[in-house]
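First up is the structure itself, then whatever we jot down about it.
Order of the sequence lines sets the chain letters (A, B, ...), proteins ahead of strands, with each chain counted from 1.
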Amino acid sequence: MAPRYPVEDLYKHNDYIKMVQIKKQMSLQQQRIFDTVLASIQEMKKVGLIDEIISEGELVLDFHIFREQMLKGASIKKINRSELKKAMETMVDIKFSYQTDDEVGAFVIFQKARINFEDNKVYLTFGKDFRTENLLPTANYTALSLTYLNSFSSQYGRLLYQYFKMLIGKDINKPFRTDITLDIDFLHKLLGINQNEHTNYINNNSLFISRVINPAILQINETTDLVARIEPIKRGRKISHIQFFFPPKDELLSKQKEDDQPVHPSKENLLFVPSFSIFKEFRDWLLKYMIGKQLVIGPQGYLSHVVISLSSKGYLHNDTNDTDLSPDDAMLMWTWLFENQERIGQINLSEDDIKLLNLKNKRFMIHDHEKDMEEKVIIKEVKKSEANPQYLFVELINDNGEIRQIDNFFTYNMLHNVKEI
DNA sequence: ACCTAGCTTGCTTGAGAACC
DNA sequence: GGTTCTCAAGCAAGCTAGGT
């Protein structure tokens, strides 16, 4: 039996270089949209939609996933129709030209690209000559990180970063490797440098390093999760190899550890929001100071990861599905925001925190044993009981303004399931 | 000690991205 | 839609250190 890993490793590199040859001919925008396609494929694989991807030379992507990937790390926060149209145009503009001893030529990669808003799918028809296996195996191994990729302005930075990520593998906490020594010839191939187009870089290794490698490393350090550096290795007076080091940034690793635990907002992190008793003043204040900012996460009636922001036009905006709230929903949301002013600006709440906070201001009937009668109460305060985190500490207020504190009795489910009146 | 391949630096230009 | 900015790349003169 043939040794498995070295062979795969070789394919991996060969495929990568093939891919680079293609990418190198693209403009930055084309690279971005092409990577979006790859990232969408990966994401669909991750969520188990892979079987539907390819049919008869056509790639079918989920539009929501595609749009989500497009937005990752991009400066824009919202994608409108004209941008989607531009993306489709960019896609069919991607060409690959080649040159052999016998001939020169060019072909398109995508012959047709369209988004159907009825079935929410992106249909990409491959050009006749494009071999999809050049594209699709990549989805298996290259852990694309569009968040960082889209912030690159340098094409060499993009390419080198993707190569590092390929070597690191899926889990940045358990990198497969974080250094490698490459000879200059291989680097030329890796970055798509060739004799015809880049005579200077082929003939002058130092120029190649100072104009290609160094700026790329600089940008990787500036924008990504890696801290990269190089060590040129000389043979005689000529630089023959470059040693690369690319461990993950420390703060990223420690941040990852923190992420495992629920995040509790600290006072320092919260922005100051004065409290208002008049709705109009409240609304005016938000419109004056919070335009374009995130307002709340997981408000009542929404999933706990949904972030509501205030758009530049002053509309309430659901960042998760990227739509403005309908007038009816917006009305409800404004009311809710007014009643829950302390939630504004608290974006780093954990799911647990949100669930508890969303119980606040809930009205329900409670049976008063002393008076032996049903009474209407509103939840004013709710937090985990200090004695026993399974239970809650709850502060209730009735119509007469009487406050009652109940500790160690209610559970989250009890309060959640009780019928609102 | 001298020569020169390879390194370094500065200036320039065009393309295309970003900005207003 | 026009202007400004940035990136990639060319050209060339001067320098340096490894080779002879």
Whole Å only: how far is the [atom1] atom of [X] from the [atom2] atom of [N]?
{"X": "R211(A)", "N": "dT12(B)", "atom1": "CZ", "atom2": "C1'", "answer": "11 Å"}
{"X": "N200(A)", "N": "dT9(B)", "atom1": "CG", "atom2": "C1'", "answer": "13 Å"}
{"X": "N205(A)", "N": "dC7(B)", "atom1": "CG", "atom2": "P", "answer": "6 Å"}
{"X": "R32(A)", "N": "dA17(B)", "atom1": "CZ", "atom2": "P", "answer": "9 Å"}
{"X": "N204(A)", "N": "dT8(B)", "atom1": "CG", "atom2": "C1'", "answer": "9 Å"}
{"X": "Q29(A)", "N": "dG16(B)", "atom1": "CD", "atom2": "C1'", "answer": "9 Å"}
{"X": "Q155(A)", "N": "dG16(B)", "atom1": "CD", "atom2": "P", "answer": "12 Å"}
{"X": "Q31(A)", "N": "dA17(B)", "atom1": "CD", "atom2": "P", "answer": "10 Å"}

Subject >> NZ/NE/NH1/NH2 to OD/OE distance under 4.0 Å, E58(A) and K112(A) >> reply: no
Original post:
Does a side-chain N-to-carboxylate-O contact under 4.0 Å join E83(A) and R81(A)?
Top reply: no
Original post:
Mind checking which nucleotides bracket the chain A contacts on DNA chain C, 5' to 3', with an atom under 4.0 Å from a heavy atom?
Top reply: dC7(C) to dG19(C)
Original post:
Just to confirm, is there a sub-4.0 Å distance from OP1 or OP2 of dG6(B) to any side-chain nitrogen or oxygen of S206(A)?
Top reply: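 Checking S206(A) against dG6(B): no side-chain N or O falls below 4.0 Å of OP1 or OP2.
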Subject >> Short side-chain donor-acceptor distance under 3.5 Å, H317(A) and D322(A) >> reply: yes
Subject >> Side-chain donor-acceptor pair present, D225(A), Y161(A), cut-off under 3.5 Å >> reply: yes
Original post:
Nearest nucleotide by nearest heavy atom, which residue falls closer to the 5' end of DNA chain C, K234(A) or H198(A)?
Top reply: H198(A)
Original post:
What is the nucleic acid contact for Y156(A), judged by heavy atoms within less than 4.0 Å: base, sugar-phosphate only, or nothing?
Top reply: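 The answer is sugar-phosphate, as Y156(A) gets under 4.0 Å only of primed atoms, P, OP1 or OP2.
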**OP:** Between S27(A) and L207(A), name the one whose nearest nucleotide on DNA chain B is closer to the 5' end.
**Re:**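 The residue whose closest nucleotide sits nearer the 5' end is L207(A).
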Original post:
Relative to F63(A), does K121(A) satisfy both conditions: NZ or CZ under 6.0 angstrom from the six-membered ring centre, and within 45 degrees of the ring's axis?
Top reply: no
**OP:** Please confirm whether the backbone N or O of L28(A) pairs with a side-chain atom of R158(A), one donor and one acceptor, at under 3.5 Å?
**Re:**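 Side chain of R158(A) to backbone of L28(A): no pair is present.
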Original post:
Is the backbone of T199(A) close enough, under 3.5 Å, to the side chain of N203(A) for a donor and an acceptor to pair up by distance?
Top reply: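 Here the side-chain-to-backbone pair exists.
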